[in-house]
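Below: one structure, written as C-alpha cells.
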Protein chains: 2
Amino acid sequence: MCTCLSSVQAGILNAVTSSRPDLAAMIGPLGRTLFALEAPILDAHGLAMWAYAVLLNLDDEPVRTQTALAEAIGADKTRIIKILDDLTARGLIERRPDPTDRRARLLSLTAEGRRLRDATQAAIQAAEEELLSRLTPAERETFLQALQKLL
Amino acid sequence: MCTCLSSVQAGILNAVTSSRPDLAAMIGPLGRTLFALEAPILDAHGLAMWAYAVLLNLDDEPVRTQTALAEAIGADKTRIIKILDDLTARGLIERRPDPTDRRARLLSLTAEGRRLRDATQAAIQAAEEELLSRLTPAERETFLQALQKLL
DNA sequence: TATTGTTATACTCTATAACTATA
DNA sequence: TATAGTTATAGAGTATAACAATA
C-alpha cells in the first residue's frame, strides 16, 4: 500500500522533553498505523492506495478534470494516469471526453466501481472502528470533530 | 522535508458516501499539512526531517543502539547512517563504541545538539499551536489525549 | 552462528520536462 | 498563447543483500 504517507511524514516521534509531543510526532506514527491496518484490506479488494483514493473522491458528480482529481487527493496529475487507465480497464470508472471541451475527460464511477468502493470502505472503517474503540464515545466524537476542524 | 510520509499514506481523502470520512482520509492530509508547516522551520534550523526525528528521540538516556533508534523513528537501520554521520560531524550527537559490546554504538546528544533540538521544537510547537487554536481548550485537550490513546 | 554497523545495489515512487490535441 | 492529458526521463527515497567486526 502506500508506503509514503507514511514514510515521509511519519518519522517524527515522541519528545520526552516538552510538555506535549509534537503534533506531527503523533500524527505521523498514527498514519503509519492506519496504513498498516488498511494495506491488507485494500489488497484483499484488489485496490492500491491511490486507486482507492480515486474511487473515494469520485461520487455522483459526473464531472471533474483529471488534474482537479489529482489535486484533490494530493497527487500529481501525471501520477494518476496509469491508475485511471487501470481502473477504466477494470470497468470501475468511466472516462469520456467532455463535449464542451474535448481536451478534458469527465470521470465517473461505474456501478461496479461504486460497489467495490463501498465494500472496501466498509471493511476499512470497520477496522478503524476497532482502533477507535479505545476511546470513550465522548472522546471519539470530539476527536473526529477536532480532526475535521483541523483540516 | 519529508516528501514521503506524506506522500504515500497521504492520498486518501474525504468520502462523501459514509457517515464519517475514513480516519486515514483525515490523518493523511493533516499529516501533509503539518509537514508543509514544519518544512520551512526545519530548513531554517538546518535540519532534515529524519535528522530532527533522531534528535527528538535522543534524550538523557546515553544508551541505545542504532538499530533500536532507527526502529523507534520508523526508519530502516541503513537509512539513518548517513544522517548520524552528518549529525556527528556537526557536533550535534556523539557516537562512541559501547565498552561492554564493541559492536554497538552508544548515541547521545551533545549540549549543542540539545540546544538546537529544543529551539527547533519550540518553533515547531509554536506553529502547531496556531493550528490547534482552531479548537476550544476542551477540544484541544481531548484531541491530544485521544491521539496518545490511539498510539 | 547471530548481531551491529556499514556499504553497495536495485527498486519504487515522485517530479520535471517535453509532446499532442484542443481551445 | 494557454490548458488537459499523456509520455519519457531523471531524480530522490527506500529497501535488499552482502560484507566486516564482534559476540
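Chain A is the first sequence line, chain B the second, and so forth, proteins listed ahead of strands; every chain is numbered from 1. In this text, all values refer to a predicted model and were calculated from it rather than measured experimentally.
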Between atom CD in B:Gln66 and atom P in C:dT7, what is the gap in whole Å?
-> 10 Å

Which sits closer to the 5' end of DNA chain D, A:Ala104 or A:Lys82, going by the nucleotide each is nearest to?
-> A:Ala104

Taking CD from A:Glu71 and P from C:dA15, how many angstroms apart are they, rounded to a whole number?
-> 13 Å

Round to a whole Å and report the spacing from CD1 of B:Ile81 to C1' of D:dA21.
-> 14 Å

Would you say A:Arg105 reaches D:dG5's phosphate, i.e. side-chain N/O to OP1/OP2 under 4.0 Å?
-> no

Could you tell me whether B:Arg103 and B:Asp98 make a salt bridge, using a distance below 4.0 angstrom between a side-chain N and a carboxylate O?
-> no

Respond yes when some side-chain nitrogen or oxygen of B:Trp50 is under 4.0 Å from OP1 or OP2 of D:dT14, and no when none is.
-> yes

Over how many whole Å does the gap from A:Arg32 atom CZ to D:dT14 atom P extend?
-> 11 Å

Could you walk me through whether A:Leu84 and A:Arg105 pass the side chain to side chain contact (heavy atoms under 4.5 Å, CB included) check?
-> CA-CA 11 Å; A:Leu84 295 179; A:Arg105 310 259 179 273; over 6 Å; no

Let me know the distance between CD1 of B:Ile80 and C1' of C:dT4, rounded to the nearest Å.
-> 12 Å

Quickly work out the B:Arg64 CZ to C:dT4 C1' distance and round it to whole Å.
-> 16 Å

Considering just the side-chain nitrogens and oxygens of B:Thr67, establish if one lies under 4.0 Å of OP1 or OP2 belonging to C:dG5.
-> yes

How long is the gap from CD1 on A:Ile93 to CG on A:Leu69, to the nearest 0.5 Å?
-> 8.0 Å

Nucleotide D:dA4, atom C1' - distance to CG of A:Asp85 in whole Å | 15 Å

Are any of B:Arg95's side-chain N or O atoms less than 4.0 Å away from OP1 or OP2 of C:dT6?
-> yes

How long is the line joining CZ of A:Arg79 and P of D:dA12, in whole Å?
-> 17 Å

Evaluate the side chain to side chain contact (heavy atoms under 4.5 Å, CB included) criterion for residues B:Arg114 and B:Leu58: first the C-alpha distance (whole Å), next the side-chain angles of each, then the deciding distance (0.1 Å), finally the verdict.
-> CA-CA 9 Å; B:Arg114 182 181 310 275; B:Leu58 246 41; over 6 Å; no

Could you give all pairs that pass the ring-ring contact (aromatic ring centres under 6.0 Å, His included) test and reach residues 122-151 of chain B, with sequence neighbours left out?
-> A:Phe143-B:Phe143

Would you sort out whether B:Ile80 and B:Ile73 count as a side chain to side chain contact (heavy atoms under 4.5 Å, CB included), showing the intermediate values?
-> CA-CA 10 Å; B:Ile80 64 169; B:Ile73 65 177; 4.0 Å; yes

Taking protein heavy atoms under 4.0 Å as touching, what does nucleotides 16-23 of chain C look like 5' to 3' if B marks base contact, S marks sugar-phosphate-only contact and - marks none?
-> BB---BBS

Contact list for residues 84-109 of chain B, test ring-ring contact (aromatic ring centres under 6.0 Å, His included), sequence neighbours left out = none

